[in-house]
Amino acid sequence: MAVWGVAIRRFGAAAAVSPVRWMASAAAGNANLRNIGISAHIDSGKTTLTERVLFYTGRIKAIHEVRGKDDVGAKMDSMELEREKGITIASAATYTRWAGHNVNIIDTPGHVDFTVEVERALRVLDGAVLVLCSVGGVQSQTLTVDRQMRRYEVPRIAFINKCDRPGANPDKVVSELRTKLRANAALIQLPIGLEDDLAGVVDLIKMKAYRFTGPHGENMEVEEIPADMVDLAKTRRSQLIEAVADLDEEIADLYLMEEEPTEEQLVAAIRKATIARTLVPVTVGSALKNTGVQAMLDAVVAYLPSPGEVPNRAFDADDETKIIELDSTDPKKPFVGMAFKIEKGQFGQLTYCRTYQGTLKKGSFIVNVSEDRKKRMKVPRLVRMHSDEMEDVDEVGPGEICALFGLECSSGDTFTDGSSTLSLESMFVPEPVMSLSIKPKHSKDLDMLGKGLNRFMKQDPTFRVHVDSETSETIISGMGELHLQIYKERLLREYECETETGAPKVSYRETITTPAKFDYIHKKQSGGSGQYGRVMGTLEPIAEEELEEDAKTTCVFVDETVGNNVSKSYVPAIQKGFLEACLKGPLTGSPVERVRMTLLDGAQHAVDSSEMAFKAAGQGAMRETVLKSNPQVLQPIMKVEIMVPEEYQGTVMGGINKKSGVVLDSETAEGYCTLITLVPLSQMFGYSSELRQATQGKGEFTMEFENYSPVTPNVQAELIAAFQAERKEKKK
């Protein structure tokens, strides 16, 4: 069957119950393998789309809806909480086959609180389907997903979903793709009708119409384009060819000579541009109404790359300046893989792994390059995942996604067969923005609380746990209220541990605004050899434009000492003292960021100087100089997208102004107003109830972290006073 087949395809009940057979890429090469993610803004229909994909490819026997009335729920929402709340919380992997191609699929969450699930999925995928609502278009989380796809250089196609909804407007969505995402988007399909009249799609490459018949739209029937759409289809096809001609020389030559490209030439040119990330082909349909999904699948195998068509690089762990290109086509090459997700299964730790090079076999030995390179670990069991189900396999080839049992590791670790020290760049992990104190309701559950928190922290890099050194309270930190609430509920369900949480706490930061010099001496004498260390230099703020977007730290130490006044062996201790002092600022006890310490000179004592003394000197210099550098408290600012009926626009905007928020943009369409605002996180607690009350339950909002910004002087004074009072109370 051709990739873009013309023949009528029928996927009835008999096909749906037949098992999907995976053709091992290790044996047959992986040119026909696709590793894709399905990502979008919350409630755009990702999981519903994946459910149809699995049904039409014969992977599942029946379709179940998100929050379905049959109490079954969608296949990819395997967690009980996901089915109750109707949202995806954790990314889920599956595999299937379509048109002679093996397809690995990862369905990712749309809610910003679970954004790390999207990060780790896109880190290991070769392509993606960006799902957009035909009414909502490009929304706040769409922008975040776009940034993530660009970060990992992932080619994508777009699927404009929900074309059956009132107000559906695919042309508006394509325009927003171009203006808001700056993506070179081009429609390769047109909907036949919109809203209640949606009846199929027109293929602008084949110039044919597809209608989807049968109880679940399983029959994709090819017809001539409806007469009333022929002129529109010709115009849009010409626009598509013109867009491709700007990117491909062969199509450009044909276009200039006013010749029509063949179907094969056009498909090849679109594929080349998509893989180069210079074009985003756009498909249309409605997953819920079983329209356009098979045509979207055709686009996946036609335009998204195989593992061998995407550059994958590793660096030598012994020499990080040495970059090595990995070969994802030859199964005989030395094995290199990455652990990108950790789960606790009934048979122990389950590690999701992407193989980048070579073959991984059951019973073979691998080495974790990120940890103990001398320790060889046996692979006792190798499986392919289908949501929460698994299928045992003997081996997986280059480019494939699998799961391993019985290995102790962390997300982002690199595995090899031990013949090399190659290491893969790990994924970007955003910092938490909210904290809560937590304790078990009953003291007998203290052990279960510890087990649960340790497990969750290992699985989710954005979930942090620490014990407050002054209050001895256990503090959990995460990406938002929902994020932390989900873990509180999971403790109850999975560990039978009922918990109590304190009031939400904002993760403030501190910085300095003016440079200052320091000359600090740490001197201590208590009989025998004492402690002595002198450090001299400058402490200065780092401008925001100097910061790298994905920087893990914004506290920078620079050694510019000349001569032997301070031995080079003591410099790491000074740096360590500086970084430790950055963990707790003098104003509110929050971490200090955006500072650079430059060590220029110092002095040491032949007997009393030591690493401990210079570490204390680094700490003391930092703490003393911060107070002389006009310190400032920074607060997390959230980008909040609010959608309300037009009549409530004024009320909602007034509420945002009271919260010291700023309205960046507003857009009105189909009786609804969408507001894009920036609001301090401290003002957003309980906003869900507030918005519901102000709009009679008709408003909704999403928010994501935008940046850290200085608080106003009066707020800073209040925060300092509260911190001092808290410290005073603890000393009693």
Side-chain angles (χ1 to χ4, degrees), residues 33-42 44 46-47 49-50 53 76 88-95 103-132 138-159 177 181-183 274-277 280-281 300 303-307 309-314 326 328 337-343 351-356 385 399-403 411-414 424-430 459-462 479 549-550 704-705:
L33 173 62
R34 302 288 182 270
N35 293 317
I36 66 167
I38 298 182
S39 302
H41 182 84
I42 189 170
S44 293
K46 301 175 300 301
T47 305
L49 175 64
T50 308
V53 167
M76 302 302 278
T88 302
I89 294 170
S91 57
T94 188
Y95 63 93
V103 184
N104 284 312
I105 302 171
I106 298 182
D107 177 33
T108 62
H111 200 288
V112 67
D113 283 20
F114 311 108
T115 189
V116 74
E117 295 286 341
V118 187
E119 289 282 352
R120 52 183 166 198
L122 292 176
R123 171 62 184 86
V124 298
L125 294 171
D126 304 316
V129 178
L130 178 62
V131 183
L132 302 109
V138 172
Q139 297 167 278
S140 59
Q141 189 64 6
T142 316
L143 298 169
T144 302
V145 170
D146 175 67
R147 282 199 302 271
Q148 292 167 324
M149 289 181 179
R150 292 179 189 274
R151 178 180 294 137
Y152 301 114
E153 300 180 350
V154 178
R156 89 287 289 271
I157 67 171
F159 178 68
L177 280 169
L181 299 188
R182 298 183 181 178
T274 304
I275 294 173
R277 296 181 295 111
V280 179
V300 165
Y303 303 126
L304 292 181
S306 66
E309 294 173 299
V310 177
N312 288 304
R313 303 175 186 89
L326 299 178
S328 295
M338 172 183 273
F340 67 92
K341 180 178 168 72
I342 306 295
E343 279 184 4
T351 303
Y352 287 75
C353 179
R354 157 76 192 259
T355 61
Y356 282 92
M385 299 302 299
E400 293 187 15
I401 291 172
C402 63
S411 292
D413 285 357
T414 300
L424 295 158
E425 184 181 357
S426 190
M427 65 208 75
F428 171 70
V429 179
Q459 291 177 358
D460 182 353
T462 60
M479 302 306 296
E549 182 188 350
D550 298 348
E704 63 176 322
F705 172 74

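We number each residue from 1, following the sequence as shown.
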According to salt bridge (Lys or Arg N to Asp or Glu O under 4.0 Å), who are the partners of Arg277, at least two apart in sequence or on a separate chain? none
Suppose we screen for salt bridge (Lys or Arg N to Asp or Glu O under 4.0 Å). Which residues come up paired with Asp460, at least two apart in sequence or across chains? none
Which pair of non-hydrogen atoms, one from [X] and one from [Y], has the smallest distance, and what is that distance?
| X | Y | answer |
| --- | --- | --- |
| Tyr152 | Phe428 | OH-N, 2.8 Å |
| Asn104 | Ile401 | ND2-N, 3.7 Å |
| Asp107 | Ile38 | OD1-O, 4.0 Å |
| Pro155 | Leu304 | O-CD2, 3.9 Å |
| Gln148 | Leu122 | CB-CD1, 3.6 Å |
| Gln139 | Ser44 | OE1-OG, 4.1 Å |

Output yes when a side-chain donor or acceptor of [X] lies under 3.5 Å from a complementary backbone atom of [Y], and no otherwise.
| X | Y | value |
| --- | --- | --- |
| Arg123 | Glu425 | yes |
| Asn35 | Val124 | no |
| Thr414 | Met338 | no |

If we check side-chain contact (heavy atoms from CB on, under 4.5 Å) with Ile157, which of these qualifies: Val280, Ile36, Val129?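 The residue from Val280, Ile36, Val129 that satisfies side-chain contact (heavy atoms from CB on, under 4.5 Å) with Ile157 turns out to be Val129.
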So that I can tick it off, tell me whether Asp146 and Arg182 are bridged by a salt bridge, with the cut-off set at under 4.0 angstrom between side-chain N and carboxylate O. no
Using a strict cut-off of less than 4.0 Å between a Lys/Arg side-chain nitrogen and an Asp/Glu carboxylate oxygen, indicate whether Glu117 and Arg120 qualify as a salt bridge. yes
I need the [X] [atom1] to [Y] [atom2] distance, nearest 0.5 Å.
| X | Y | atom1 | atom2 | answer |
| --- | --- | --- | --- | --- |
| Met479 | Thr462 | CE | OG1 | 6.0 Å |
| Ile105 | Arg34 | CD1 | CZ | 12.5 Å |
| Asn312 | Tyr356 | CG | OH | 6.0 Å |
| Lys341 | Cys353 | NZ | SG | 14.5 Å |
| Leu125 | Thr108 | CG | OG1 | 9.0 Å |

With sequence neighbours excluded, what pairs up with Asp413 under the side-chain contact (heavy atoms from CB on, under 4.5 Å) test?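 Asp413 satisfies side-chain contact (heavy atoms from CB on, under 4.5 Å) with Asn368, Ser370, Glu371, Cys409, Ser410 once adjacent residues are dropped.
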Does [X] reach the side chain of [Y], with side-chain heavy atoms less than 4.5 Å apart?
| X | Y | answer |
| --- | --- | --- |
| Ser39 | Met149 | yes |
| Val310 | Ser328 | no |
| Leu177 | Leu130 | yes |

May I ask you to establish whether Arg354 and Tyr352 are in a cation-pi arrangement, using a distance under 6.0 Å from NZ or CZ to the six-membered ring centre and at most 45° from the ring axis? no
